[in-house]
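Values below: all heavy atoms of this structure, side chains included; hydrogens, waters and symmetry mates excluded. Because the structure is predicted, anything quoted here is derived from the model rather than measured.
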Amino acid sequence: MTSLVGTTLLDQYYLRELVGAGGMADVYLAWDRLRSTKMAVKVLRRDLASNPKSFQLFTKEAELLRKLEHPNIVRLYEFEREGENVFIIMDWVDGTNLRQAIVDRKRPFSLQEVSGVLQPVCSALNFAHQSQVFHCDVKPANILIHVDGRVLLSDFGVARIASDNISGGTPPYMAPEQFSGSEIDARTDVYALGITVFEMLSGGLVPFRGESPSSQGSTVRARIAWEHLNLQPAAINELNRSIPMDVATVIATALNKEPSRRYGSTLEMRDAYEYACHMVGAEANKAGWEASPASLGETIIKTFFASSPIVKPPKIFPTPPPREPADYYTQVSGPCLLGRSGFFAGEKVSLLMNELTVGRSSTNQLPIKESSVSRHHVTFIRTKRGVYIRDENSTVGTMLNGQRIQPNAPLKLHHGDIIQIGYYQVFEFREK
């Protein structure tokens with residue numbers, strides 16, 4: 001496809017640089033003259049724009065992104081056509097992707113660093129699955145890491161709605177059912193996520209590469225497919241001796257060839273991983289060992305962006321172990337917050353009181369002991385006209401539907417709003 005660098009689309013988007021090229025579309029870094037900000041523009045190849053199937057796939061990606069508004073999913077702005085050019089306008093993510101981070105790192109990630117990626121990606125995928133949308137191409141290249149520490153899932157180009165019969169994906173990360181033509185569901189993405197975690201903990205190796213002496217097939221894709229369908233993956237703790245058995249079991253469960261024996265959801269997989277990591281810490285404490293920051297390894301963000309003169313990298317902490325829920329988390333009726341990721345994932349927090357204060361300090365009604373949460377971070381205010389949210393001039397900020405809200409300026413919440421407090425605590429507002 002002819003490069004469009006230097007072209008301006010819709011008299012608004014100036015295409016500065018070609019940053020990625022795929023079989024169906026090219027991605028450009030663009031300058032939005034109206035918003036005065038950088039954007040990503042994904043342009044369908046011109047030779048495919050007149051192909052009904054290709055156009056349908058490209059259109060479907062735009063439609064899916066439009067409905068998947070989540071703090072950890074790259075946001076769509078517009079889907080447009082101008083002359084021969086069909087394109088999608090999306091958020092530009094300053095930073096890197098997990099694929100490049102793995103290549104640059106050249107050594108395994110720590111358990112805590114994996115947790116810092118796994119939590120937001122699981123939250124994003126679970127949100128998509130609730131809308132019966134299955135990504136079908138989860139891999140490190142589609143996991144973006146912003147310089148401010150946010151982790152975002154991208155590229156729903158081969159995603160499937162439950163009723164679709166469209167196939168696609170990247171062979172090393174595809175589940176057996178994608179090759180065999182069997183039913184696709186949330187467990188398909190669990191499998192790909194398991195391979196992604198395997199790759200992070202192994203230092204860059206994926207379990208199926210089409211290189212086994214027993215592999216059958218005349219192409220690399222065919223050999224990889226045969227391995228997914230017939231071979232068992234290596235145990236991660238055989239490749240990385242520092243991986244505890246409990247964690248290795250989590251990965252093996254995610255990579256089971258039989259979907260019914262995998263985790264039923266990405267949140268279930270995340271919780272199992274976090275609990276396995278907690279058990280590792282508990283055993284270490286029993287033995288009198290106290291982890292130092294150095295022994296935990298550099299945080300993923302510090303590793304990626306240590307040279308950044310502007311952004312201070314956040315610290316990443318694992319989710320605490322399961323606990324008995326407090327009274328105001330259970331049997332909630334009326335306005336509430338539903339935990340999407342972070343310490344309160346899967347729990348409901350009542351908003352029946354006039355004010356609910358949230359922050360790191362124990363004086364808050366909802367204390368959250370996590371470093372990116374300020375001592376007094378945010379307040380939820382219930383009035384006769386509805387529920388409002390007010391950021392208390394927090395350091396990292398509060399995000400409402402992907403946009404940072406202004407401090408000390410209350411905003412009314414609406415059913416389904418997504419709220420992100422700090423880097424990892426995500427809630428959905430429910431009116432009932």
Side-chain angles (χ1 to χ4, degrees), residues 5 9 13-22 25-32 34-43 61-62 64-66 68-79 87-105 113 116-125 127-128 135 137-159 170 193 196 200 299-314 316 341 372 396-397 399-404 418 420 422-424 426:
V5 171
L9 300 175
Y13 302 104
Y14 175 73
L15 306 186
R16 287 181 170 179
E17 179 185 352
L18 177 65
V19 295
D26 294 333
V27 179
Y28 293 85
L29 166 61
W31 180 253
D32 184 337
L34 181 61
R35 298 183 182 96
S36 295
T37 189
K38 290 184 285 188
M39 304 293 283
V41 178
K42 188 172 185 177
V43 184
E61 179 180 5
L64 292 179
L65 283 174
R66 186 173 282 118
L68 296 177
E69 292 189 8
H70 185 278
N72 301 112
I73 295 177
V74 175
R75 183 173 45 172
L76 169 84
Y77 284 87
E78 297 179 62
F79 174 59
F87 51 95
I88 297 171
I89 310 297
M90 301 178 292
D91 266 332
W92 172 260
V93 179
D94 270 320
T96 188
N97 64 58
L98 184 58
R99 169 73 261 163
Q100 191 60 49
I102 291 171
V103 171
D104 292 344
R105 186 182 179 88
E113 291 166 335
V117 172
L118 188 63
Q119 288 201 39
V121 173
C122 284
S123 177
L125 285 170
F127 182 76
H135 192 285
D137 199 20
V138 176
K139 59 183 179 180
N142 288 337
I143 297 172
L144 309 183
I145 303 173
H146 197 283
V147 293
D148 66 8
R150 285 178 294 140
V151 177
L152 299 104
L153 184 63
S154 70
D155 202 343
F156 281 75
V158 298
T170 305
L193 197 54
T196 298
M200 293 179 73
T299 65
I300 190 169
I301 306 302
K302 185 175 180 180
T303 301
F304 296 165
F305 307 117
S307 61
S308 172
I310 301 173
V311 180
K312 183 179 179 180
I316 293 175
S341 68
S372 69
V396 172
M399 305 286 282
L400 179 61
N401 298 324
Q403 294 289 322
R404 183 168 179 167
I418 300 296
Q420 181 172 335
Y423 288 112
Y424 309 112
V426 179

- Query: For N72 and V151, which heavy atoms make the closest approach, and how far apart are they?
  - Reply: ND2-O, 2.9 Å

- Message: Please check: side-chain N/O of N142 versus main-chain N/O of D137, any donor-acceptor pairing under 3.5 Å?
- Response: yes

- Message: Are the side chains of R150 and P120 in contact, using a 4.5 Å heavy-atom criterion?
- Response: no

- Query: Pick from L9, V19, V5: which one makes a side chain to side chain contact (heavy atoms under 4.5 Å, CB included) with Y28?
  - Reply: V5

- Once you round to the nearest 0.5 Å, how far does CG of N97 lie from CD1 of I143? 9.0 Å

- Task: Determine the minimum heavy-atom distance between A30 and Y13, stating which atoms define it.
- Result: CB-CB, 4.5 Å

- Quick one: CE on M39 to CG on L29, what's the gap to the nearest 0.5 Å? 11.0 Å

- Task: In plain terms, say whether D155 and K42 are close enough for a salt bridge, that is, a side-chain N and a carboxylate O under 4.0 Å apart.
- Result: yes

- Residues that V74 engages under side-chain contact (heavy atoms from CB on, under 4.5 Å), provided they are two or more places apart: M90, D91, V93, L144, L152, S154

- Message: With no hydrogens and no angle check, just 3.5 Å: does a side-chain donor-acceptor pair link R75 and Y77?
- Response: yes

- For the atom pair CZ (R99) and CG (D104), what is the distance rounded to the nearest 0.5 Å? 10.0 Å

- Which pair of heavy atoms, one from F79 and one from R66, lies closest together, and at what distance? CB-NH2, 3.8 Å

- Item | Contact summary for I73 and A124, nearest pair of heavy atoms | CG1-CB, 3.6 Å

- Query: Stepwise, does the side-chain contact (heavy atoms from CB on, under 4.5 Å) test hold for L76 with L68?
  - Reply: CA-CA 9 Å; L76 169 84; L68 296 177; over 6 Å; no

- Task: Starting from the C-alpha separation in whole Å, work towards a yes-or-no answer on side-chain contact (heavy atoms from CB on, under 4.5 Å) for E69 and I418.
- Result: CA-CA 8 Å; E69 292 189 8; I418 300 296; over 6 Å; no

- Message: Show the nearest heavy-atom pair for residues S372 and V396, with the distance to one decimal.
- Response: O-CG2, 3.4 Å

- Query: In Å, rounded to the nearest 0.5 Å, how long is the span from CG of L118 to OG1 of T196?
  - Reply: 9.5 Å

- Hey, is the main chain of T37 close enough, under 3.5 Å, to the side chain of D32 for a donor-acceptor pair? no

